[in-house]
**Q** 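Input: one structure, supplied below.
Computed from a predicted model, the values in this text were never measured in an experiment.
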Amino acid sequence: MKKIVIVGGVAGGATAAARIRRLDESARIIVFERSGYVSYANCGLPYYIGGTIEEESALTLQTPGGFFKRFCIDVRVHHEVKAINRENKTVSVVNLETGEEFEESYDKLILSPGARPVVPALEGVNDPLVFTLRTVEDTLKIRGFIEKNKPESAVVVGGGFIGVELAENLKELGLEVSIVDMQPQLMNQLDGDMAAFVHAKMRSKGINLLLERGVKAFRAKDGAIETLLGEGEVLKSDMAVLCIGVSPDTKLAADAGLELGMRGSILVNERMETSDKDIYAVGDAVQVKHFVTGEPALISLAGPANKQGRIAADNICGLESSFDGSQGSSVIKVFDMTAAATGINEKTAKSLGLDYEKVFLSPASHAGYYPGGKVMTMKVLFERGTDRLLGAQIVGADGVDKRIDVIATAIRAGMRASELARLDLAYAPPYSSAKDPVNMAGFMIENINNGLLTQFHWHDADSLPRDGSVILLDVRTVGEYAKGHIEGFINIPVDELRERMGELERGKKVYIMCQSALRSYIGYRILAQNGFECANLSGGYRLYETVLKDKLAAESAAYCGKES
């Protein structure tokens, strides 16, 4: 009889335990979990605080009793593994409730320790009004505090997944909420131009964004907590929550002499084996390969952790199974907006020196003639020459998750970017368009590859010459142009362009734009076939204006902070 000990539950460990039992009815399986919950919904924690998830029991996916009844798995919560003795193949365990210490032997060991919240060594960080959010216990503590003390304001430190979700839920409870982050944007899986839409949504809901700000200390004062930022800026609130991020919890592996990878993570092969063939590791604590780049990566997401747990179990039970990397597909709700990403973003493409191009488009979620369609903004990256699909980011409302999943599947299948145009996707007016947004991205990439379209981007627009050496042309309606336009661009509506072409001086390159880049592409093709050299503003004025407003709002917040 094979004996498997698993350190840590949640996504990776609990999945591995259940999979081993399905494959080997005779195995003895013991799970040691430091917290009081062996399998819980990490991603649901902010929504329990906000009351969207009403019952605490809904967070618990499986209990120790449930595990034993269904799978005959010995789950021991409030048990912490303190050391691994690889030579004797034992682990040292302490029962956190009784203080009892004992040794447990194993044939195979799976480490699923997860990651721990980053808590900087700041003055006042241990004040009772400063919280972290990572476990069910953290969640219960925060919700209990809110129910008892009825706070009116909160500072959330960190603008990643948990920080953004928590800020939304606290705001929905009626608190005044500020997010502080050292980065110039929220949601680092997005590029700054796409994060600008998220920033706009957060600000429209009353969230105060304080970006490029570092927290220096916390200070209790008059029953509240002060968050001290740089240059003397002070935020006073009734509570503060650290959501700075996580780091691999790998002390156990390091002390056992297992080989480590980036940022102290556990190094594993594609079978999820560590440097010790009898020890496997899964989840947030392990270094993986990024599927798109092939580079080492740390990707703390539930989906990859579940897959890794299954793969480790397969290999322990004699099946050949391998993990070929993660592409970081993710999605988040931001009030009534959805933001999603897969693959790599432009920042990463630049850092790797890739020769890439990007397309922006603003399609509706479904057919325009069917009521209720909403605009989404898509950014798709691909490699020049090879046409390799690198990644995508989408912000919008309905249908964002559907499109990001299609593109994530295309990346996993090794499809070329232009092949998005060929995908045969389901269509009915309430759900999509005959030319799905994913198809439209493919059409645009195909046009670029075929030389039918040359682009310029929002970050190029302000540096274009205004000395008359080129033509700057806005083909929106007169009314749209009057509401706001880029300085130096003249207005000829696209439907008048053929008749008014004589107003454009031949021999000069035409930089053409509209609201979303669709009408300007039509104008582009009209002019190109009449001998003009053209470039189309990708994403159109809508993207340019959103990014510009975001920059102005950030500058205003920075100025107000200094003034205070």
Side-chain angles (χ1 to χ4, degrees), residues 1-40 60-98 100-114 250 252-253 255-259 266 268-283 285-286 305-323:
M1 180 176 66
K2 188 181 296 183
K3 182 178 180 182
I4 297 101
V5 170
I6 301 174
V7 181
V10 199
T15 296
R19 176 67 170 171
I20 291 169
R21 174 57 73 227
R22 290 194 295 271
L23 297 176
D24 187 347
E25 185 64 19
S26 69
R28 184 181 177 196
I29 308 168
I30 303 175
V31 180
F32 294 116
E33 167 58 42
R34 183 170 47 199
S35 76
Y37 301 85
V38 65
S39 181
Y40 58 89
T60 306
L61 305 179
Q62 189 58 274
T63 64
F67 251 111
F68 186 80
K69 184 176 182 180
R70 176 160 295 180
F71 297 110
C72 197
I73 293 173
D74 180 1
V75 175
R76 307 182 199 179
V77 296
H78 294 135
H79 279 66
E80 183 174 5
V81 174
K82 289 290 192 179
I84 303 168
N85 187 322
R86 292 165 56 193
E87 185 176 347
N88 296 334
K89 296 182 70 170
T90 62
V91 292
S92 301
V93 188
V94 60
N95 183 328
L96 298 176
E97 293 180 342
T98 66
E100 176 197 3
E101 297 184 15
F102 59 93
E103 298 289 311
E104 191 73 55
S105 64
Y106 65 84
D107 295 312
K108 298 290 183 181
L109 178 66
I110 300 177
L111 303 179
S112 179
T250 57
L252 189 64
D255 289 348
L258 297 178
E259 195 171 340
I266 304 171
V268 294
N269 61 19
E270 70 280 357
R271 292 165 51 86
M272 308 312 299
E273 293 173 336
T274 69
S275 52
D276 184 322
K277 65 180 181 62
D278 292 320
I279 303 178
Y280 293 74
V282 301
V286 305
N306 273 283
K307 295 177 184 69
Q308 292 159 16
R310 179 184 176 92
I311 288 164
D314 285 353
N315 287 302
I316 286 173
C317 294
L319 298 179
E320 287 297 322
S321 189
S322 62
F323 185 71

**Q** For the residue pair Gly283 and Ala305, what are the closest heavy atoms and their distance?
**A**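 Residues Gly283 and Ala305, closest heavy atoms: CA-CB, 3.8 Å.
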**Q** Please report the interatomic distance CZ(Arg28) to SG(Cys72), rounded to the nearest 0.5 Å.
**A**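 Here the rounded value is 10.0 Å.
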**Q** Hey, could you give me the CG/CZ distance between Leu319 and Arg310, rounded to the nearest 0.5 Å?
**A**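 It is 9.0 Å, given to the nearest 0.5 Å.
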**Q** Would you please name every residue forming a side-chain hydrogen bond (donor to acceptor under 3.5 Å, both in side chains) with Lys89, sequence neighbours left out?
**A**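 Partners of Lys89 under the side-chain hydrogen bond (donor to acceptor under 3.5 Å, both in side chains) test: Asp278.
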**Q** Under the side-chain hydrogen bond (donor to acceptor under 3.5 Å, both in side chains) rule, collect the residues that match up with Ser275, sequence neighbours excluded.
**A**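 Result, side-chain hydrogen bond (donor to acceptor under 3.5 Å, both in side chains) vs Ser275: none returned.
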**Q** Can you see which heavy atom on Met1 is nearest to which on Asp107, and at what distance?
**A**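 Nearest pair, atom of Met1 first, then Asp107: O-OD2, 3.8 Å.
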**Q** With sequence neighbours left out, which residue pairs that include part of residues 8-26 fulfil the salt bridge (Lys or Arg N to Asp or Glu O under 4.0 Å) condition?
**A**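 Every pair satisfying salt bridge (Lys or Arg N to Asp or Glu O under 4.0 Å) with a residue in residues 8-26: Arg19-Asp314.
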**Q** If I compare all heavy atoms of Arg34 with all of Leu96, which pair ends up nearest, and what's the gap?
**A**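 That closest heavy-atom pairing would be O-CD1, 3.6 Å.
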**Q** Check the surroundings of atom CD in Glu103: do more than 12 heavy atoms from other residues, nucleotides or ligands lie under 6.0 Å from it?
**A**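 Yes, because the 6.0 Å sphere around CD of Glu103 holds more than 12 heavy atoms from other groups.
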**Q** If you take all heavy atoms of Val94 and Lys82, which pair is closest and at what distance?
**A**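 Minimum heavy-atom separation between Val94 and Lys82: CG1-CE, 3.7 Å.
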**Q** To the nearest 0.5 Å, how far apart are NZ in Lys2 and CD1 in Ile316?
**A**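 Separation between the atoms: 7.0 Å.
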**Q** Is the count of non-hydrogen atoms from other residues, nucleotides or ligands lying under 6.0 Å from Arg271 atom CZ greater than 12?
**A**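 Counting neighbours around CZ of Arg271, more than 12 heavy atoms of other residues, nucleotides or ligands fall under 6.0 Å, so yes.
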**Q** Please tell me if the side chains of Val81 and His79 come closer than 4.5 Å, counting only heavy atoms from C-beta onward.
**A**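 Val81 does not reach His79 side chain to side chain.
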**Q** What pairs with Arg76 under side-chain hydrogen bond (donor to acceptor under 3.5 Å, both in side chains), at least two apart in sequence or on another chain?
**A**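 side-chain hydrogen bond (donor to acceptor under 3.5 Å, both in side chains) check on Arg76 returns Asp74.
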**Q** Leu111 pairs by side-chain contact (heavy atoms from CB on, under 4.5 Å) with which of Val282, Val91, Val268, Ile84?
**A**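 Single side-chain contact (heavy atoms from CB on, under 4.5 Å) partner of Leu111 among Val282, Val91, Val268, Ile84: Ile84.
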**Q** From Glu33 CD over to Ser112 OG, what is the distance, rounded to the nearest 0.5 angstrom?
**A**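 Between Glu33 CD and Ser112 OG, I get 8.5 Å after rounding to 0.5 Å.
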**Q** Show your reasoning for whether side chain to side chain contact (heavy atoms under 4.5 Å, CB included) applies to Ile311 and Glu270.
**A** CA-CA 9 Å; Ile311 288 164; Glu270 70 280 357; over 6 Å; no
**Q** Taking all heavy atoms of Asn85 and all of Tyr106, pick out the closest pair and write down the distance.
**A**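 So the two residues come closest at O-OH, 4.1 Å.
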**Q** Among all residues two or more places apart in sequence or in another chain, which pass the side-chain hydrogen bond (donor to acceptor under 3.5 Å, both in side chains) test with Thr274?
**A**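 For Thr274, no residue satisfies side-chain hydrogen bond (donor to acceptor under 3.5 Å, both in side chains) once neighbours in sequence are set aside.
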**Q** Is the closest side-chain heavy-atom distance between Glu273 and Asn315 below 4.5 Å?
**A**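 They are not in side-chain contact.
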**Q** Check residues 4-17 and write down every donor-acceptor pair under 3.5 Å in which the side-chain atom is one partner and the other belongs to a residue at least two apart or another chain.
**A**
| residue | atom | partner | partner atom | Å |
| --- | --- | --- | --- | --- |
| Thr15 | OG1 | Ala11 | O | 2.6 |
| Thr15 | OG1 | Asn306 | OD1 | 2.6 |

**Q** Can you check whether Arg86 reaches Leu258 side chain to side chain, under 4.5 Å on heavy atoms?
**A**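 Of all side-chain heavy-atom pairs linking Leu258 with Arg86, at least one is under 4.5 Å.
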**Q** For Ala281 versus Ile266, what's the shortest heavy-atom pair and its separation?
**A**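 The answer is CB-CG2, 3.8 Å.
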**Q** Which value, rounded to the nearest 0.5 Å, describes the distance between Lys108 atom NZ and Lys3 atom NZ?
**A**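 Answer for the NZ-NZ pair, Lys108 versus Lys3, is 15.0 Å.
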**Q** Is it true that, when you exclude Phe102 itself, more than 12 heavy atoms of the residues, nucleotides or ligands shown sit nearer than 6.0 Å to its CZ?
**A**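 Yes - once you tally the heavy atoms of other residues, nucleotides and ligands closer than 6.0 Å, there are more than 12.
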